[in-house]
Amino acid sequence: MSLSSYAPLGNIRSAFFKDGLSDKAFVKYMEFVHDEVSTYFTQQWGDQGEADLLHSLSELFILTSSRCLLGEEIRKRWEDSGMAEYYCK
């Protein structure tokens with residue numbers, strides 16, 4: 001396999017870094033993070049009691065990063081497939 005066959009992959013990476021890590025993208029990601037955090041704490045935590053903070057923040061990190069980096073559709077399919085429970089243990 002020649003090095004030129006890897007050129008499209010390099011272009012995809014460049015586009016991701018250029019577009020995916022721009023100021024505009026980070027503003028959009030903050031909306032996603034806010035939605036994920038609000039939904040998570042509404043569904044997972046009650047108004048009182050104890051919670052495992054390390055587990056909750058680890059789970060929240062996976063949920064927010066998957067939504068920001070992979071997109072809402074992939075994030076939803078991942079959660080619906082049961083993989084969220086596996087990785088968030």
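What you see is a predicted model; the values in this text were computed from it and never measured.
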According to side chain to side chain contact (heavy atoms under 4.5 Å, CB included), who are the partners of T39, at least two apart in sequence or on a separate chain?
Q43
Would a hydrophobic clustering, with Ile, Leu, Val, Met, Phe, Trp and Tyr connected at side-chain separations under 4.5 Å, put L69 with V27?
no
Interatomic distance, OG@S56 vs CG@D52, rounded to 0.5 Å, equals 6.0 Å
Report, as yes or no, whether the 6.0 Å neighbourhood of atom CD on E72 holds more than 12 heavy atoms from other residues, nucleotides or ligands.
no
So if you build clusters from Ile, Leu, Val, Met, Phe, Trp, Tyr with side-chain heavy-atom gaps below 4.5 Å, do I62 and V37 land together?
yes
Quick check: do R77 and E73 have side-chain heavy atoms less than 4.5 Å from each other?
yes
Kindly check if the number of other-residue, nucleotide or ligand heavy atoms within 6.0 Å of CZ (F41) is above 12?
yes
In Å and rounded to the nearest 0.5 Å, what is the CD to CH2 distance from E50 to W45?
11.0 Å
Could you label the plane-to-plane angle of the F32 and Y29 rings as parallel, tilted or perpendicular, counting under 30° as parallel and over 60° as perpendicular?
tilted
Candidates D35, L57, L60 - the one meeting side chain to side chain contact (heavy atoms under 4.5 Å, CB included) with Y40
L60
Say you draw a straight line from CZ of R75 to OG1 of T64; how long is it, rounded to the nearest 0.5 Å?
9.0 Å
